[in-house]
Amino acid sequence: MGEWTTAQVQDRLELAAGVMRQMPGVMPQGFFNAWPEYFHSFADKVGQEPQMRRPRPSPRQITQAEEAMLWLRWLEKDDARLVWLRANGTPWKPICWELGLSRATADRRHQYGLAVIVWRLNGKSPPTKRSMSYIVGRAQAE
């Protein structure tokens, strides 16, 4: 892939969050159910809405999701949590309460986290002695 942008990174993280939501839950080792499977008769199903299941993610989607989740290791712990919560679609208010940030600060830190990921994906390392706004501006300009 050529040059990454913040929109592409955000889309990939949102797809990764969606893939992780579709994965089956983790069960403790040795967990099983001894009850027999109950088969519903036609009379039981009359008048009920069909239960549609989403297809499981493909191996390629899982690989891309795992790759996108590894990007978060380039960020500070709180910034990575903020970016992941936004990728999951969590509203700003619970994020601000959880992290103890104002809405404006949370938005700046979110943009900064995405910008750092963009810099690293494009093969550069973000300068440590520059401001957050410089890093975000350069990531969006490229």
Side-chain angles (χ1 to χ4, degrees), residues 1-40 42 44-142:
M1 188 166 210
E3 292 289 313
W4 286 84
T5 64
T6 54
Q8 290 172 330
V9 169
Q10 189 169 4
D11 288 342
R12 179 69 74 87
L13 286 169
E14 288 172 2
L15 288 173
V19 166
M20 291 301 151
R21 276 193 302 271
Q22 292 175 2
M23 296 298 288
V26 177
M27 297 289 192
Q29 188 173 8
F31 178 82
F32 67 97
N33 186 0
W35 285 88
E37 183 71 27
Y38 182 78
F39 294 103
H40 295 278
F42 178 75
D44 292 336
K45 294 181 180 181
V46 171
Q48 294 182 3
E49 293 292 323
Q51 294 180 349
M52 301 298 289
R53 283 194 231 163
R54 299 176 84 183
R56 294 272 167 92
S58 69
R60 182 179 193 165
Q61 289 174 322
I62 295 171
T63 303
Q64 288 178 346
E66 289 173 346
E67 177 185 287
M69 289 176 65
L70 287 176
W71 298 343
L72 298 175
R73 70 177 179 218
W74 295 327
L75 305 175
E76 297 292 325
K77 181 181 172 188
D78 290 338
D79 292 341
R81 178 118 177 96
L82 172 68
V83 169
W84 185 248
L85 286 171
R86 280 307 293 165
N88 275 314
T90 307
W92 281 110
K93 189 173 272 191
I95 292 173
C96 294
W97 286 345
E98 183 176 331
L99 298 177
L101 301 172
S102 70
R103 169 67 169 80
T105 303
D107 186 48
R108 278 194 303 270
R109 302 260 304 263
H110 178 253
Q111 292 299 323
Y112 173 72
L114 293 176
V116 168
I117 293 172
V118 167
W119 275 71
R120 296 292 298 261
L121 288 173
N122 289 335
K124 303 171 191 166
S125 98
T128 56
K129 297 188 179 195
R130 297 303 294 250
S131 67
M132 284 183 171
S133 61
Y134 173 81
I135 293 171
V136 170
R138 290 294 300 255
Q140 291 175 350
E142 294 178 357

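Reckoned from all heavy atoms, side chains included, excluding hydrogens, waters and symmetry mates. What you see is a predicted model, and the numbers here were worked out from it, not measured in a lab.
- Partners of Phe39 according to the ring-ring contact (aromatic ring centres under 6.0 Å, His included) rule, which considers only residues two or more places apart in sequence or in another chain, do not exist here.
- Atoms CD and CZ, on Gln10 and Arg86 in that order, are 7.5 Å from each other to the nearest 0.5 Å.
- No side-chain heavy atom of Arg130 sits less than 4.5 Å from a side-chain heavy atom of Arg138.
- Every pair passing salt bridge (Lys or Arg N to Asp or Glu O under 4.0 Å) that includes a residue from residues 97-111 is listed here, sequence neighbours excluded: Asp79-Arg109, Arg81-Glu98.
- In terms of heavy atoms, Pro126 sits closest to Trp119 at CA-CE3, 3.6 Å.
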Exercise for the section: Start with the C-alpha gap between Asn88 and Glu14, add the side-chain angles, then the distance that decides, and say whether side chain to side chain contact (heavy atoms under 4.5 Å, CB included) holds. Expected result: CA-CA 6 Å; Asn88 275 314; Glu14 288 172 2; over 6 Å; no
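- For the atom pair CD (Gln8) and CG (Leu114), the distance works out to 12.0 Å, reported to the nearest 0.5 Å.
- With hydrogens and angles ignored, the 3.5 Å screen pairs a side-chain donor or acceptor of Thr63 with a backbone N or O of Pro59.
- Nearest heavy-atom pair across Ala106 and Cys96 is CB-SG, 3.9 Å.
- For Ile95 against Thr90, the heavy-atom pair with the smallest separation is CD1-O, 3.6 Å.
- Taking the six-membered ring for Trp, Tyr38 and His40 have ring centres closer than 6.0 Å.
- Taking the ring centroids of Trp4 and Trp71, they lie under the 6.0 Å cut-off.
- Atom CG in Leu121 sits 11.5 Å away from atom OG1 in Thr6 (nearest 0.5 Å).
- Nearest heavy atoms, Ala139 versus Ala115: CB-CB, 3.6 Å.
- Annotation: Trp92 is in aromatic contact with His110 [ring centroid separation under 6.0 Å].
- Annotation for Pro127 and Tyr134: closest pair CG-CE2, 4.0 Å, computed over non-hydrogen atoms.
- For the pair Thr105 and Ser102, the minimum side-chain heavy-atom distance is below 4.5 Å.
- Taking both residues in full, the closest heavy atoms of Leu13 and Ala68 are given as CD2-O, 3.6 Å, listed atom of the first, atom of the second, then distance.
- Note: Ser125 OG to Trp74 CH2 = 11.5 Å, rounded to the nearest 0.5 Å.
- Between the side chain of Gln48 and the backbone N or O of Lys45, no donor-acceptor pair lies under 3.5 Å.
- Rounded to the nearest 0.5 angstrom, Leu82 CG and Glu76 CD are separated by 13.0 Å.
- Heavy-atom contacts from other residues, nucleotides or ligands closer than 6.0 Å to CZ of Arg56 number 12 or fewer.
- Considering CD1 of Ile62 and CD of Gln22, their distance stands at 9.5 Å, rounded to 0.5 Å.
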